[in-house]
2 protein chains.
Amino acid sequence: MNAVTIKDVALAAGVSPATASRVLSGNPATSPAARTRVEAAARELHFLPNAQARSLRSTKTDSIALLISDVRNPYFSDLAHAVEQHARAAGLMTFMGNANESTEQQDEFLATVLSRRVDGMIVVPQGLSEQDGNATEMLRRVVDSGIPMVFVDRTLADIQVPRVIARSREALEEAIAELKSHGHERIAFIGGPKHASTAMERHQAFDAAIAANGLVTAPELHFAGDFRFASGAQGARWFLENPLAPTAVIIADAPMAIGALSVWRERGLNIGTDFSVVSFDEVDALLLHNPPIATISHDLELMGRAAVQALLAVMKNESVAPVELLSTFTPRPSVGPAPDKDVHSEGMPRA
Amino acid sequence: MNAVTIKDVALAAGVSPATASRVLSGNPATSPAARTRVEAAARELHFLPNAQARSLRSTKTDSIALLISDVRNPYFSDLAHAVEQHARAAGLMTFMGNANESTEQQDEFLATVLSRRVDGMIVVPQGLSEQDGNATEMLRRVVDSGIPMVFVDRTLADIQVPRVIARSREALEEAIAELKSHGHERIAFIGGPKHASTAMERHQAFDAAIAANGLVTAPELHFAGDFRFASGAQGARWFLENPLAPTAVIIADAPMAIGALSVWRERGLNIGTDFSVVSFDEVDALLLHNPPIATISHDLELMGRAAVQALLAVMKNESVAPVELLSTFTPRPSVGPAPDKDVHSEGMPRA
DNA sequence: CTTATCTATGAAATCGATTCCATGGAATCG
DNA sequence: CGATTCCATGGAATCGATTTCATAGATAAG
């Protein structure tokens, strides 16, 4: 492999490995003479330090791990990109892992990364700590190991770690007020999986906003998806067949929204006319859709930056206050007047 | 941190560290008695081996690195997901890095990963080796270091490494034949950046197919983008203002296609009527678009699997033949009859 | 019953860096 | 000028595992 070790460099430079090490790691206790010769030798030999040996001794790695829930969800890839760029600016390499919405894969990544050592971790956590203790056991162990860690986007109720999350309450209020002003009274909600705190937060905020606006509140208006395409498609069918005949729907993330829209398009329905749609997350497919979909979105660049800042603070042993970012509601033509008749009886072209 | 070392486990189990190590790494030269006691002690103490120490000695890490060009491009996140799942199935952890279409970030990741040791690397390489030697110098050094490596999706002409790539020639032939059958004669091409081999391959295949079909061939029909949203938007304007008044356009990747479509939509143009569009990559936004966009797509699950298989073979010192996957053309309503009059004169609503 | 073979084990070397400690020589001080 | 501090340096210990090597004890072979 890379046969060049620091001994080779030291030999070539005519100094001891200790001195070579000092020069290469910027220790000031080195003479200019030694410095130039070691540097020349290192360059000459293409010396690349063995990070394992280095951090085995020094316990520093200049790298962090980032665990996201789903690489293929643009929400998370945007977040990942932001985290990576800001970490890079702080001199930290980012190792990305994909939990794939599974606690097993989350645990595997955590264990690997913990045993390979990183200086800190930014985690979008999964799991239902309350009901299913061992779903988050590994995570708790990692936290207990003392490695600097922050949660981003999602949290776990019973694991206390600095966090950067989004608050959708206000934006949902706006969205629902907007729907109400268009005459909608029965609004459905296609939500996310219980293991994601964001799903719970959005669901509760939805209920609160519905109640505050005096609109119809019923468990039948809530569909439990899993934040992925297929469950959005299911939700779309559920919506069409809903006995309460809702005239609008709010969807808790983009992949589900896309799944739903693809079903509705197939059935020839007209969004904004037959019924109204608001989705979380602002992604190309929703903006390019005809009509464009009203969204509740997050500034992921900001979220990524805040997460990195929080982690850097934790790494410096500073105390970090939780960060709550506000979501933004953007009205678009996917919200239109509530149809006179139910979309479910004759208003619907072919269902 | 994780204060529990193998010595603690050995002590607790009443054996030497050597025996503990043998038990924990599955060495058969261990007595059942020792085995049970060490295993119990390890479980008891929540022992997590220090991967750095382990692989410092053993030079095995059970992990690979995956370098992609752009996390936010769904094409690559799909590929990443496939690679990750198949690597996982083979017992390998994947560390993902994002080159962000920049050779600098590519080099940083390569250096970090090389110095932290991984057992192999799957790389979507960037850079123009022919013209700009040092753009790929680091990559060459990594290859020379002897670490098992395969290229996926893209290649570099002068670095010989097993590869898994896609061939678009046939699919482009089909696409262009389809366009021709609809009466299109002047077809434009919005291509990718020179540093990506896929951009070159698609461009050449386009030229070949155009020539084979006896259609208009002219440098003015080619726009050089960079595989990203903004350059697609530029390309869209370039297309509308093109003096040769092309009636159809093929776009070399999805982010550019989305950028272009958003411009055209803003101007109120009707795809499939005013002019026809074919895009590479099959992503939600293109399928949900109205009308759906005809695409030339790749089986990324297959590509990811092939890449992992190739890497595993290289790691076992087997020789690996290059893999070429065929792209698939899927006609959709974004391809329609060529307009009688130029879209560029009066056919165009408001430009 | 003796010798040869095998098995499980521990002590010690090893991987490649960093860091503690001791030291010789230069610089500073009284 | 002698005593003291400072500086750069090399030798050796260290990080936490794996692996080599030697050995005691058990087993098989003659």
Side-chain angles (χ1 to χ4, degrees), chain A residues 1-39 41-42 45-63 111-112 114-119 145, chain B residues 1-39 41-42 45-63 111-112 114-119 145-147:
Chain A
M1 285 274 184
N2 187 59
V4 183
T5 76
I6 202 167
K7 281 189 191 171
D8 301 319
V9 174
L11 196 69
V15 298
S16 73
T19 301
S21 167
R22 279 186 273 257
V23 169
L24 295 170
S25 56
N27 188 315
T30 47
S31 67
R35 222 169 297 154
T36 52
R37 290 168 55 208
V38 169
E39 273 159 9
L45 299 173
H46 290 309
F47 172 66
L48 188 66
N50 182 322
Q52 305 184 138
R54 180 208 289 264
S55 54
L56 176 57
R57 184 69 231 259
S58 70
T59 67
K60 278 194 45 198
T61 65
D62 293 323
S63 63
T112 309
L114 187 62
S115 78
R116 295 197 69 159
R117 313 289 146 162
V118 287
D119 295 346
S145 82
Chain B
M1 286 278 179
N2 187 59
V4 183
T5 75
I6 201 167
K7 281 189 190 170
D8 302 318
V9 174
L11 197 68
V15 299
S16 73
T19 302
S21 168
R22 279 186 272 256
V23 169
L24 294 170
S25 56
N27 189 317
T30 48
S31 66
R35 224 171 294 155
T36 53
R37 292 169 53 209
V38 169
E39 272 158 10
L45 298 173
H46 290 310
F47 172 66
L48 188 67
N50 183 323
Q52 304 182 135
R54 181 207 288 264
S55 55
L56 176 59
R57 183 70 231 255
S58 70
T59 65
K60 279 194 46 202
T61 65
D62 293 323
S63 63
T112 310
L114 188 60
S115 78
R116 297 197 70 160
R117 312 288 140 145
V118 287
D119 295 346
S145 83
I147 187 171

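In the text below, chain A, chain B and the rest are named by the order of the sequence lines, each starting its count at 1.
Side-chain contact annotation: Thr30(A) with Arg22(A), donor-acceptor N/O pair under 3.5 Å absent.
Computed from coordinates, the Leu45(B) CG to dG16(D) C1' distance equals 15 Å when rounded to whole Å. Going from atom CZ of Arg117(A) over to atom P of dG16(D) covers 8 Å, rounded to whole Å. One interatomic measurement links the two molecules: CD of Gln52(B) to C1' of dC15(C), which rounds to 13 Å at whole-angstrom precision. Following rounding to the nearest Å, Leu56(A) (CG) and dG16(C) (P) show an atom-to-atom distance of 12 Å. The distance between atom CG of Asn50(B) and atom P of dT14(D), rounded to the nearest whole Å, is 17 Å. Computed from coordinates, the Lys7(B) NZ to dA11(C) C1' distance equals 12 Å when rounded to whole Å. Here dG16(C) presents its C1' atom at 15 Å from CG of Leu11(A), a figure rounded to the nearest Å. Note: NZ (Lys60(B)) to P (dG16(D)) measures 22 Å, nearest angstrom.
With sequence neighbours left out, the salt bridge (Lys or Arg N to Asp or Glu O under 4.0 Å) criterion links Lys60(A) to Asp62(A).
Contact annotation: side chain of Arg22(B) to base of dG10(C), donor-acceptor pair present below 3.5 Å. Side-chain N/O atoms of Arg54(A) and base N/O atoms of dT18(C) include no donor-acceptor pair closer than 3.5 Å.
Under 4.0 angstrom from either OP1 or OP2 of dG10(D) there lies at least one side-chain N or O belonging to Thr19(A). The side chain of Thr5(A) contributes no N or O atom lying less than 4.0 Å from OP1 or OP2 of dG16(C). Applying the 4.0 Å criterion to OP1 and OP2 of dT18(D), one finds that Ser58(B) has every side-chain N and O outside that range.
The two atoms that bring Ala53(A) and Leu56(B) nearest to each other are CB-CD1, 3.9 Å, heavy atoms only. Between Thr61(B) and Val118(B), the closest heavy-atom pair is OG1-CA, 3.4 Å.
Take the nearest nucleotide of DNA chain C for Ala20(B) and for Arg57(B): the residue whose nucleotide is more 5' is Ala20(B).
Contact of the Arg117(A) side chain with the Thr59(A) side chain is not registered, since no non-hydrogen atoms from C-beta on lie closer than 4.5 Å. Within the 4.5 Å cutoff, side-chain heavy atoms of Ser63(A) are placed close to those of Arg116(B).
For DNA chain D, no neighbouring residue in residues 24-39 of chain B is found when judged by any heavy atom under 4.0 Å.
The side chain of Ser16(A) lies closest to dG10(D), out of dA17(D), dC15(D), dG10(D).
To the nearest 0.5 Å, the span separating CG on Asn50(B) from CG on Leu114(A) amounts to 9.5 Å. Summarising the geometry, atom OG1 belonging to Thr19(B) is positioned 11.5 Å from atom CZ belonging to Arg35(B); distances are rounded to the nearest 0.5 Å.
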Evaluate Thr5(A) against Asp8(A) for side chain to side chain contact (heavy atoms under 4.5 Å, CB included), listing each step before the verdict.
CA-CA 5 Å; Thr5(A) 76; Asp8(A) 301 319; 3.6 Å; yes
Leu48(B) vs Val4(B), side chain to side chain contact (heavy atoms under 4.5 Å, CB included): CA-CA, chis, key distance, verdict:
CA-CA 7 Å; Leu48(B) 188 67; Val4(B) 183; over 6 Å; no
Pair pattern of DNA chain C in dot-bracket, where unpaired bases get dots and | marks partners in another strand, Watson-Crick or G-U under 3.5 angstrom:
||||||||||||||||||||||||||||||
